[in-house]
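Okay, so here's the structure we're looking at.
Every number for a ligand or one of its atoms is a count from 1 in the order of the listing. These numbers come from a predicted model, not from an experiment.
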Amino acid sequence: MARVVIMMGSKSDEEKVAPCADILKQLGIPYVFTVSSAHRTPERTERIVREEEARGAEVFICAAGMAAHLAGAVAARTIKPVIGIPVSGGLMGGLDALLSTVQMPPGFPVGTVAMDKAGARNAAWMAAQILALHDADLAERIRAARAKMQADVEKAAAEVEAAH
Ligand code: RP5
């Protein structure tokens, strides 16, 4: 049973979105990672939301570029948290996708944390933190991962300080 569903609007988004799946895997969170487009395959998008929610999915993560309607289309069909990943490639370094993803009508929010690979990573961390609200083991794994990131900063600081 997938706890998180990652959808992207096109296979061409895969390189930027894959880090999201990597982090969920690292944290031991079951997920499905698939392609569906709000515009090219609206029925498929709707079916995935319906079926995965029925199977127990708790968070949806949706990545798309250009008009970037996917996260909003999913948010229209579920009250589970939806996190959007705007993908660059369209106008002005992806500003089109950012605005399309983030500017949802009140009542149908899409949590939008960052763009491209950074957005993919933070979407995974945000999904994990949501799931950890009622999963103490996962909360511990997130704390351990943060401790490792903090240790890496300490190590980098020591290297820079020693070199200059
Ligand atoms: C969006 O349009 C996709 O998410 C992708 O970022 C962009 C271009 O898609 P392709 O034409 O490469 O399939 O729907």
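- In this structure a side-chain-to-backbone donor-acceptor pair under 3.5 Å is present from Arg77 to Ala73.
- For the ligand labelled ligand 1, residue Lys11 lies outside the 4.0 Å heavy-atom shell.
- Across all their heavy atoms, Ser37 and Thr45 have their closest contact at O-OG1, 3.1 Å.
- Closest to atom 8 (C) of ligand 1, if we only count protein heavy atoms, is Met66 SD, 4.0 Å.
- Here is the list of ligand 1 atoms found below 4.0 Å of a heavy atom in Ser10: 3 (C), 4 (O), 5 (C), 9 (O), 10 (P), 12 (O), 13 (O).
- For the residue pair Ala128 and Leu138, the shortest heavy atom distance occurs at O-CD2, 3.5 Å.
- Of the options Pro86, Gly65, Gly9, the smallest heavy-atom separation from atom 1 (C) of ligand 1 is shown by Gly65.
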Quick one: do Ile130 and Glu58 satisfy side-chain contact (heavy atoms from CB on, under 4.5 Å)? Show the steps, please. CA-CA 9 Å; Ile130 292 167; Glu58 295 165 271; over 6 Å; no
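- At a 4.0 Å heavy-atom cut-off, ligand 1 touches Ala64 through backbone and side chain alike.
- Nearest protein neighbour of atom 6 (O) of ligand 1, counting heavy atoms only, is Asp13 OD1, 2.6 Å.
- In terms of protein heavy atoms, atom 12 (O) of ligand 1 is closest to Ser12 OG, 2.7 Å.
- The existence of a salt bridge linking Glu43 and Arg47 is excluded, since no basic side-chain nitrogen approaches an acidic carboxylate oxygen closer than 4.0 Å.
- For ligand 1, the atoms closer than 4.0 angstrom to any heavy atom of Arg40 are 9 (O), 10 (P), 11 (O), 13 (O).
- No side-chain donor-acceptor contact under 3.5 Å links Thr41 to the backbone of Ser36.
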